[in-house]
Amino acid sequence: MSETSERRYQAGEIESRWQELWEREQTWHVENHAPAGARQPKSYVVEMLPYPSGEPHIGHLKNYAIGDAIAHFQRRTGHRVLHPMGFDSFGLPAENNAIKTGVHPRVATEASIASFQRAFRSWGISIDWSREIASHTPEYYRWTQWIFLQLHRRGLAYRKEAAVKWCPNDQTVLANEQVVDGRCERCGYEVELRQLEQWFLRITDYAERLLDDLDTIEWPEHVKLMQRNWIGRSVGAEVNFRCQELGIDYPVFTTRPDTLFGATFFVMAPEHPDVLRLAAGTEREAEVHAYVNHALTESLEDRGDAEKTKTGVFLGRTVTNPVTGEEIPMYVADYVLMEYGTGAIMAVPAHDERDFAFARQFGLPVRHVVAPLDGSTPPADAAYVTKGDDAVLINSGEFDGLTPKQGFERIVAWLDRQGIGHASVNFRLRDWLISRQRYWGCPIPIVYCERCGVVEVPEDELPVRLPEIEDYQPQGRSPLAAAEDWVQVRCPECGADARRETDTMDTFVDSSWYFLRYCDPQNTHAAWDPKVLSQWMGVDIYIGGVEHAILHLLYARFFVKVFADLGLLEVQEPFRRLFTQGMILGPDGQKMSKSRGNVIPPSPLVERFGADTVRTYILNMGPPEQDAAWNEGALGGAHRLLSRIWTLADELCSAEAIAPTDAAAQPSEPQGEALTLVRKANWAIDRVTTELSGRFGFHNAIAAITELVNDLYRYPQAERGARTFAVTTAASLLFPFAPHLGAELFQRLTGRRVWEEPWPAADPEMLSAETFELVCQVNGKVRDRVQAPSDAERELLEQLALDAPGVRQHLDGHELVKVVVVPGKLVNIVVR
RNA sequence: GCCGCGGUGGUGGAACGGUAGACACGGCGGACUCAAAAUCCGCUGCCCGCAAGGGCGUGGGGGUUCGAAUCCCCCCCGCGGUACCA
């Protein structure tokens with residue numbers, strides 16, 4: 001038959017056949033509850049859900065190839081695996097697209113979801129599709145709204161007027177986390193401050209726990225560190241400074257109460273509510289007004305520049321330094337931030353760089369209260385900043401001679417006794433601003449009534465559906481405000497005419513709880529059944545990009561803690577283990593972008609080489625947590641590997657006389673090349689298992705399979721049983737990376753379904769040989785290698801090394817000092 | 001500025017303190033072919049040497065050790081986070 005010469009690996013046919021079977025049989029479906037009596041441990045594997053826009057890109061494929069490999073490995077190592085998928089389908093791009101093209105965001109989004117679904121199926125990702133969620137559907141956002149009500153009821157969602165960050169391009173407010181370098185994270189426009197009344201979530205109530213519980217989760221250290229820095233816990237004290245003239249106490253927060261004696265002036269933020277009042281009636285009034293107005297209108301970027309010259313204005317008032325009794329001048333200056341601490345500071349120019357710069361500018365006194373231990377004088381041209389035990393307090397009355405560390409404690413205690421201060425902890429984290437003046441998001445289920453005020457929409461009236469509107473153009477208020485029919489409602493409490501809240505929620509609210517809904521996605525009575533959640537939470541491995549290190553991951557942690565407090569959930573942390581994958585860069589090593597023209601769309605590759613090849617290549621690119629540039633040649637290498645395995649299996653299967661034995665069974669007592677192959681197969685099992693259960697070194701796992709395959713080509717004459725075992729093992733090990741081919745070859749070789757097979761266990765007997773290559777070193781340099789028995793004693797190894805020819809020529813004329821023997825490895829002979 | 005991570009062949013990378021460079025890409029050579037592609041096989045860190053062999057090698061400098069890519073100190077470079085947070 002001509003077919004024999006034409007036979008080769010054809011991915012397309014194989015892949016669609018297995019995809020159909022998995023779909024028909026719903027192979028990857030799991031029930032909410034484990035069957036009675038089942039003792040399998042659970043494993044909950046989640047990849048960050050995609051935002052559906054256009055077609056999926058290659059980064060998605062990497063994300064899901066990683067998650068899928070882990071899910072398959074977990075299943076075959078005896079776990080009940082929950083591996084769902086969903087869509088983060090509210091958001092600005094769809095809305096901006098609607099403004100441009102007139103296509104309704106729902107239409108565009110749902111078309112995109114369909115294309116993502118097609119792609120995921122063509123990639124063969126093992127998803128339980130019965131659990132799919134999409135955050136824009138009323139079935140989902142009904143419960144997002146319900147969650148909002150639970151938070152509102154407990155005071156965790158509240159309205160306040162504040163200077164909030166406003167993106168003039170997207171025409172909406174933003175959370176602090178969405179402002180990067182004073183610019184809108186999404187569109188890059190410079191952000192403005194606006195005084196607006198908005199909805200906030202009280203994440204600051206959880207600052208301490210969000211910080212502490214980082215110690216309980218297995219996340220990359222740098223991600224934990226980013227969260228720690230973002231939360232920014234500072235230990236210090238609050239101290240009252242009294243303005244005698246007006247009889248008002250102004251508290252400040254300081255991390256350096258030990259330097260209190262050095263506070264020679266006092267500064268308030270321009271936004272501080274008392275600034276104008278303090279200046280009123282003084283000769284500085286006009287100047288202060290002008291300064292405050294300027295500061296409030298200045299761009300965030302200019303104002304936030306730490307390098308610029310310090311500016312400010314004397315308020316014409318003084319406060320009393322509570323420890324020295326001195327009257328010190330009050331200033332307003334834009335280097336003090338209203339959002340942190342109390343909006344006012346005590347300035348200690350001698351020991352704080354910023355205060356020092358300000359003092360220089362305004363000719364204010366600099367008084368050292370901390371000096372080096374050796375009695376030397378600190379430099380006069382800079383602030384002397386140290387707070388450890390390497391210095392000593394001076395000019396500080398009864399506290400002189402203490403180290404700053406001791407002084408901190410003693411001065412705080414003293415302030416406390418005097419009733420003018422107390423120990424205090426401050427966080428950098430701010431409450432989460434969730435209002436958005438945009439259409440394509442989850443409506444906030446609140447009604448405003450003239451008589452009753454802010455009224456919750458009753459739970460049984462949820463969801464508050466997003467109305468259909470004509471005009472998406474943002475005009476400084478939510479487009480929803482134009483839907484007059486929708487806005488006008490009866491007050492749920494008194495029945496009078498009332499108006500709906502027209503802002504929608506930040507889409508990060510939607511994605512802060514989806515992994516909970518996955519566990520119980522069809523529940524129509526509740527967001528979830530806590531009993532079902534207790535089966536699955538927390539997520540055992542969460543996979544996604546580092547770009548979410550702060551935003552999404554912090555918000556999701558916050559939500560889970562709130563739900564735990566409400567008794568809706570048993571865990572304190574959503575994601576036990578986090579894996580952050582690196583980006584796939586373009587062939588030029590640059591980030592892929594349309595403008596650079598270096599985008600590699602996955603579909604044509606999948607069509608040409610098959611999903612298995614692309615998946616294997618992506619996982620073989622290097623450590624998965626690292627960025628890596630696309631390399632077309634190496635993609636071909638992955639395809640070659642798969643073809644080589646296919647050919648090996650095909651030859652075995654199409655040969656006459658198929659042995660009646662189980663292809664997956666290790667032959668007994670193999671000899672010669674057969675033994676080498678059996679050993680290599682066991683070595684590969686061991687290696688792949690280690691890589692998949694520990695650090696996700698997929699590239700090392702694939703390298704081990706490659707070595708096994710290379711050996712199969714090297715020893716074509718090896719006894720058939722050993723070859724069959726080795727090829728079957730290769731197919732089995734390959735399955736998590738190239739599931740279609742793994743399933744296909746395993747089926748042809750054994751007649752069985754590989755995903756129903758337990759993960760192979762390495763035979764310890766086969767992991768070590770009778771002899772090994774003994775490395776013989778002289779003074780740490782390798783001079784020879786000889787075969788030695790694996791169980792040889794130290795004395796024998798030493799003798800073998802001393803006798804090795806390569807060693808002997810380096811011993812001549814030298815005095816033997818000592819011999820180091822590492823059994824099973826090497827001998828190092830030290831000579832002089 | 002501060003905090004963190006990382007510098008290994010032409011490239012991606014591998015290496016419990018114990019053979020540096022597995023595996024792959026690329027390159028070179030060979031087999032097959034009329035030829036090419038595909039496939040298969042071999043070689044491939046750098047320097048000296050016909051060879052046998054030797055020397056040098058993990059950003060640079062020092063240290064610990066019988067032995068360092070790996071541990072410690074100093075420096076250089078790159079990447080990431082953050083940036084008036086009192």
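Chain identifiers are assigned alphabetically (A, B, ...) following the order of the sequence lines, protein sequences preceding nucleic acid strands; residue numbering begins at 1 within each chain.
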A:I203 vs A:L429, side-chain contact (heavy atoms from CB on, under 4.5 Å): CA-CA, chis, key distance, verdict: CA-CA 8 Å; A:I203 191 171; A:L429 183 70; 4.1 Å; yes

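- Using a 4.0 Å heavy-atom cutoff across all strands shown, A:L826 reaches at least one base atom of the nucleic acid.
- Considering only side-chain N and O atoms, A:H810 lies under 4.0 angstrom from the phosphate OP1 or OP2 of B:G54.
- Rounded to a whole Å, the NZ atom of A:K310 is 12 Å from the C1' atom of B:A86.
- Nearest to the side-chain atoms of A:K308 among the listed nucleotides B:C84, B:G18, B:A86 stands B:C84.
- Going from atom CG of A:N620 over to atom C1' of B:A24 covers 6 Å, rounded to whole Å.
- Note on A:N426: nothing from the nucleic acid sits closer than 4.0 angstrom, heavy atoms only.
- For A:R640, counting side-chain heavy atoms from C-beta on, the closest listed nucleotide (B:C25, B:C66, B:C41) is B:C25.
- Rounded to whole angstrom, the span from the NZ atom of A:K781 across to the P atom of B:G55 amounts to 7 Å.
- Taking the C1' atoms as reference points, B:A14 lies 28 Å from B:G63, given to the whole Å.
- Among the protein residues, A:R644 comes within range of the sugar-phosphate backbone only, with heavy atoms under 4.0 Å from sugar or phosphate atoms but none that close to a base.
- By the 4.0 Å N-to-carboxylate-O rule, A:D355 lies too far from A:R256 to be salt-bridged with it.
- When heavy atoms are screened at a 4.0 angstrom cut-off, A:G232 is found touching no nucleic acid atom at all.
- To the nearest angstrom, C1' of B:A83 lies 11 Å from CH2 of A:W230.
- Taking atom C1' in both B:G81 and B:C71, the straight-line distance is 27 Å, to the nearest Å.
- Out of B:A83, B:C40, B:A15, the shortest distance to the side chain of A:R428 is found at B:A83.
- Note on A:T706: every side-chain N or O is 4.0 Å or more away from OP1 and OP2 of B:A22.
- A:D334 has its CG atom 17 Å from the P atom of B:A83, to the nearest Å.
- Here the C1' atom of nucleotide B:C23 and the CG atom of A:N700 are 8 Å apart, to the nearest Å.
- The side-chain heavy atoms of A:F698 and A:L692, taken from C-beta on, include a pair separated by under 4.5 Å.
- Between A:H699 and B:A14 there is a side-chain polar atom (N or O) within less than 4.0 angstrom of OP1 or OP2.
- Here B:A86 presents its P atom at 13 Å from OH of A:Y335, a figure rounded to the nearest Å.
- Using a 4.0 Å cut-off between charged nitrogen and carboxylate oxygen, A:R714 and A:D711 count as a salt-bridge pair.
- Checked against B:G81, B:C41, B:C84, the side chain of A:I550 finds its nearest nucleotide in B:G81.
- Each of A:W646, A:Y9, A:Y617 was scored for a ring-ring contact (aromatic ring centres under 6.0 Å, His included) with A:H639, with one residue passing: A:Y9.
- Across the P atoms, B:C56 and B:G12 are found 27 Å apart, a figure rounded to whole Å.
- Rounded to the nearest Å, the gap between the C1' atom of B:C77 and that of B:G59 is 7 Å.
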